[in-house]
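Quick caveat: nothing in here was measured; it's all calculated off a predicted structure.
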Amino acid sequence: MKGIRNAVFASAAVLGLGLSGYLLFTRDENPGSGSGSRESRAIEDLQTQVAALRKEISRMTGVSSTDSARAGAAEGAASASLEERLRGIEKSITSLKSAMDGVNMEKGSADRNALFAAAEGYLKADEYFEAGKYAIAGEGYLTFLQHNPNHADVRSVLKKARDAFLKAGYAEKAFWVNEEMMKKFPQHRANDLWEQANLEKGAGLYDSAVKHAAEAAELAPTPEERLWRRSYWAYYVQLRDGNDAGIAALRQVQQEIADAGFDANTKIAMKMQEKLVEWQKK
């Protein structure tokens with residue numbers, strides 16, 4: 001029984017020291033919690049339980065040696081009860097620490113956002129991007145732009161945010177960023193819309209890719225560039241609707257090439273014929 005009693009003594013001592021240190025730590029990390037907060041009340045409850053535990057241990061050590069046989073049985077039962085209570089307290093402390101860690105993580109997130117919001121906060125977002133933390137990087141770029149809307153590199157930072165969200169698997173958010181970029185820079189819409197169509201194809205969003213490729217083709221700066229984009233439009237139709245639909249779309253583009261005055265020996269006409277033969281063999 002003496003061994004059990006000593007083990008309970010050691011555990012109680014460690015528990016008391018650990019709890020005191022933890023209270024000091026959380027007091028500094030969460031200064032706004034206040035004595036009436038749920039966390040503070042939980043800690044006070046734990047302190048009460050620890051005090052009660054220490055009293056019972058003290059009572060155990062005061063048992064007279066003349067009553068050794070009777071004391072041994074009583075000590076065994078008391079030790080088992082104390083160990084059970086000790087495990088319960090330790091479990092409560094673990095749960096409380098987890099809750100407080102969540103508060104500390106939020107504080108860390110707030111500190112990180114402050115770095116993103118700084119005059120060169122996009123560089124901090126770059127670090128997260130390079131480390132493969134793409135979602136955090138994307139949010140970092142947006143936080144930077146929110147606090148620095150007139151920065152000279154707004155357009156390039158928006159592109160970085162879009163690409164970061166794409167890499168993180170958040171396609172909808174990526175294309176929302178791209179839409180916002182096109183609103184802010186309408187003079188670049190023709191190229192941005194074309195780039196979005198290509199990105200949507202890469203993300204498997206073929207319906208959107210077909211739509212935006214067709215729109216981007218109509219905004220092309222030259223007739224030849226329009227036809228090249230139309231050829232990609234036919235390719236996206238094939239991806240979305242199957243080979244037969246793709247062949248029909250490609251034939252439509254070939255007719256548009258001929259109507260625009262390009263003869264069969266021009267690069268674009270020859271390329272479309274090669275594609276047609278390739279698709280017909282599938």
Side-chain angles (χ1 to χ4, degrees), residues 122 129 134 137-138 141-142 145 151-282:
Y122 66 95
F129 189 97
Y134 300 119
Y141 291 128
L142 294 184
L145 292 174
H151 193 273
D153 295 326
V154 167
R155 182 172 162 79
S156 65
V157 174
L158 280 168
K159 284 190 173 185
K160 287 182 177 182
R162 178 198 65 193
D163 294 345
F165 287 126
L166 275 177
K167 285 183 174 293
Y170 300 128
E172 288 188 7
K173 192 155 192 176
F175 295 127
W176 172 83
V177 172
N178 205 65
E179 290 286 350
E180 291 300 305
M181 183 172 66
M182 287 189 284
K183 291 176 185 177
K184 191 172 184 65
F185 301 97
Q187 67 272 31
H188 298 292
R189 182 174 177 80
N191 287 331
D192 289 341
L193 194 59
W194 175 241
E195 188 173 2
Q196 177 160 336
N198 288 318
L199 291 170
E200 286 167 337
K201 186 272 294 183
L205 303 173
Y206 300 135
D207 195 49
S208 295
V210 168
K211 176 178 179 292
H212 289 138
E215 292 179 14
E218 298 310 310
L219 296 174
T222 66
E224 185 173 6
E225 179 64 22
R226 175 187 178 277
L227 292 169
W228 278 113
R229 291 183 180 183
R230 290 288 291 166
S231 71
Y232 278 89
W233 164 81
Y235 174 43
Y236 299 161
V237 169
Q238 183 205 41
L239 292 174
R240 185 189 67 180
D241 301 331
N243 202 53
D244 290 343
I247 289 173
L250 191 58
R251 287 189 184 279
Q252 182 179 332
V253 174
Q254 284 184 311
Q255 185 60 52
E256 292 173 13
I257 291 172
D259 292 344
F262 292 89
D263 66 44
N265 294 321
T266 56
K267 182 178 180 180
I268 189 170
M270 293 175 64
K271 187 66 176 178
M272 293 308 100
Q273 183 59 32
E274 289 176 7
K275 278 294 177 186
L276 180 63
V277 173
E278 177 186 332
W279 292 0
Q280 287 175 332
K281 290 180 179 179
K282 289 185 178 180

Can I get a per-line list of side-chain donor-acceptor pairs under 3.5 Å for residues 208-221, giving both atom names and the distance, sequence neighbours left out?
residue	atom	partner	partner atom	Å
K211	NZ	E215	OE2	2.8
H212	ND1	E200	OE1	2.8
H212	ND1	E200	OE2	3.0
H212	ND1	S208	O	3.2
E218	OE2	R226	NE	3.4
E218	OE2	R226	NH2	3.2

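- Note that NZ of K160 and CG of D163 are 10.0 Å apart. Values are rounded to the nearest 0.5 Å.
- The salt bridge (Lys or Arg N to Asp or Glu O under 4.0 Å) search around D207 returns R240, not counting sequence neighbours.
- Note that NZ of K282 is 5.5 Å distant from CG of N243, once rounded to the nearest 0.5 Å.
- For the atom pair L158 CG and M182 CE, the distance stands at 11.5 Å (nearest 0.5 Å).
- Shortest non-hydrogen contact noted between N265 and M270 is O-SD, 3.3 Å.
- Here E180 pairs with K183 under the salt bridge (Lys or Arg N to Asp or Glu O under 4.0 Å) rule; sequence neighbours left out.
- The local environment of CD in Q280 is crowded, with over 12 non-hydrogen atoms from other residues, nucleotides or ligands closer than 6.0 Å.
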Quiz item: Between K184 and D192, is a salt bridge (Lys or Arg N to Asp or Glu O under 4.0 Å) present by the stated rule, with each step listed?
Solution: CA-CA 11 Å; K184 191 172 184 65; D192 289 341; over 6 Å; no
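- Checked against the 6.0 Å centroid threshold, F165 and Y134 do not count as a close aromatic pair.
- Interatomic distance, Q196 CD to R189 CZ, rounded to the nearest 0.5 Å: 8.5 Å.
- Environment of CZ in F175: crowded, with over 12 heavy atoms of neighbouring residues, nucleotides or ligands closer than 6.0 Å.
- The line from CZ of F262 to CG of L227 is 5.5 Å long, rounded to the nearest 0.5 Å.
- Q255 and D259 form a side-chain donor-acceptor contact under 3.5 Å, judged by distance and modelled atom types alone.
- Below 30°, between 30° and 60°, or above 60°: for Y141 and F129 the angle between ring planes is between 30° and 60°, a tilted geometry.
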